A.B. asks: 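Before I ask anything, let me first share the structure, which is written out below as structure tokens.
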Amino acid sequence: MNARRAMPDVAIAGGGMIGAACALALARRGFDVTLIEAREPAPWHAEDREDLRVIALAPSSAKLLEELGVWQTVRNARVSPYSRMQVWDAMSGAQLDFDAASEGRAELGWIVENKLLLWTLWQALDAAGVRLVCPGEVRDFETRPDRVGLTLGAGESLSARLLVIADGAHSTLRGKTGIRTRGRDYAQRAVVAHVATERPHEAAAWQRFLPGGPIALLPLSDGRSSIVWTLPDAEAQRVLAMDDAAFRDAVGFATDFRLGRIIEATPRASFPLRLQLAQDYATARCVLLGDAAHAVHPLAGQGANLGLRDVAELVSVLSEAREADRDFTAMHVLQRYARRRRSADTLDALSFDALARVFAMRAPPLVALRGLGMRAVNASRPLKRKLVVHAAGR
Ligand SMILES: Cc1cc2nc3c(=O)[nH]c(=O)nc-3n(C[C@H](O)[C@H](O)[C@H](O)COP(=O)(O)OP(=O)(O)OC[C@H]3O[C@@H](n4cnc5c(N)ncnc54)[C@H](O)[C@@H]3O)c2cc1C
């Protein structure tokens, strides 16, 4: 593509799940969008087995994807709905049960392969009129009164009225805006693999909190489960180095054999975990969204869901300004998005952080208190309903 064509309304740096969804959503609302992504996503094939990276998608995300016209394609391809969730504490034995039916819902969410979602979003970009620069890298940018000038690789440049920074948790562009982050290194890694279990997963998500971190079993459509096992760094390295039989035993013990023995396990991958929150989401002609704005602990399975909520808010704020014939790049418009999403994301990120801290406590009186708290929540229908509605995002 010729990157020096007419100036687009919006340039998006980063075509991961969140940047691609944002490009599609803005283009469908009539914005002229250019998406710049360093790496083309790998194609998804139905005949391949489930990819290792999966996410639990909340109903609010499914709704947005439906509005973007991609949810049916994803659903028809391969998703695994889950209608129950059980969370239990290894130390106190207390548990929480969530059930979609008792909340008047068909499901609590869906387990979806990242690769499928990303591929489907990318397939829809062209028809929506999104211009793609791929492979392309935003190396630098400069804000001028009427535009933002981007320096791409290979000496190319591009100007746009607004830059959306969606280049992920290790964002280099966020640093160039001068926006700082706060957070902490969890000194933990999430070990992921798919496992076949002795007993069926019953379309339920299972999560056991151990003092070193939680282990989740998420249901896959072929009957296997995807594990996300959070472990302190050294422990994660030990688990990654185990032979297959030792790994299967370790997962069995860690999940308290809730689904029986682990019969089969795929190779493993792991991801370092950090809490990272941008102190602002907007500067002149630039906004942050997705992991570039917030990286959260995966214990609640919400990172991408928060990113998709950023997308919905940004598109709504920009469209509202444009429909009212106002400058959609005006700082007060960008700040409206920034204020709304930053406070919602911060509240969620800090709640997940607090949960991680509470479940890491080992002192017997605190464990007893935690057990009491969990049992009280489990006995309270209104409280559980609030938690389900909040996690669902609608
Ligand atoms: C173990 C684990 C489990 C998780 N489980 C869940 C879950 O159950 N539910 C959930 O909602 N979330 C979950 N998440 C979080 C979720 O995966 C992320 O929030 C989401 O993938 C972030 O997407 P993104 O598009 O913001 O960033 P990324 O996926 O990191 O995309 C950023 C993109 O930007 C591109 N890029 C970078 N720099 C440039 C540049 N300068 N120019 C152009 N392109 C650039 C990169 O190539 C990349 O494609 C989990 C995360 C982990 C680690």
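Remember, it's 1-based here, ligands and their atoms both numbered in the order they're listed. Bear in mind the structure is a predicted one, so any value in this text is a computation, not a measurement.
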A.B. asks: May I ask you to check if ligand 1 and G301 share an N or O to N or O distance below 3.5 Å?
C.D. replies: yes
A.B. asks: What class does the angle between the rings of H297 and Y186 fall in, given that below 30° is parallel, 30 to 60° is tilted and above 60° is perpendicular?
C.D. replies: perpendicular
A.B. asks: To check you understand the geometry: which heavy-atom pair defines the closest contact between E113 and R49, and what is its length?
C.D. replies: OE1-O, 4.3 Å
A.B. asks: G290 heavy atoms, cut-off 4.0 Å: which ligand 1 atoms fall inside?
C.D. replies: 26 (O)
A.B. asks: Does the N or O separation between E37 and ligand 1 drop below 3.5 Å for any pair?
C.D. replies: yes
A.B. asks: Judged on heavy-atom distance to atom 16 (C) of ligand 1, which of S270, G14, A304 sits nearest?
C.D. replies: A304
A.B. asks: Numbering the atoms of ligand 1 from 1, which are under 4.0 Å from a heavy atom of G168?
C.D. replies: 27 (O), 30 (O), 32 (C)
A.B. asks: Students often mix this up, so state it plainly: with edges at 30° and 60°, are the rings of Y281 and Y337 parallel, tilted or perpendicular?
C.D. replies: tilted
A.B. asks: Mind checking whether R53 has an N or O less than 3.5 Å away from an N or O of ligand 1?
C.D. replies: yes
A.B. asks: Verify whether one side chain among T255 and R208 offers a donor that lies under 3.5 Å from an acceptor in the other.
C.D. replies: no
A.B. asks: Return yes or no for this condition: an N or O of I18 is under 3.5 Å from an N or O of ligand 1.
C.D. replies: yes
A.B. asks: Based purely on interatomic distance, does G303 place a nitrogen or oxygen under 3.5 Å from a nitrogen or oxygen of ligand 1?
C.D. replies: yes
A.B. asks: Identify the closest protein heavy atom to atom 1 (C) of ligand 1: which residue and atom is it, and at what distance?
C.D. replies: A190 CB, 3.6 Å
A.B. asks: State the atoms of ligand 1, each with its element, that fall below the 4.0 Å cut-off from a heavy-atom position in G136.
C.D. replies: 43 (C)
A.B. asks: At under 4.0 Å between heavy atoms, which part of A166 makes contact with ligand 1: side chain, backbone, both or neither?
C.D. replies: backbone
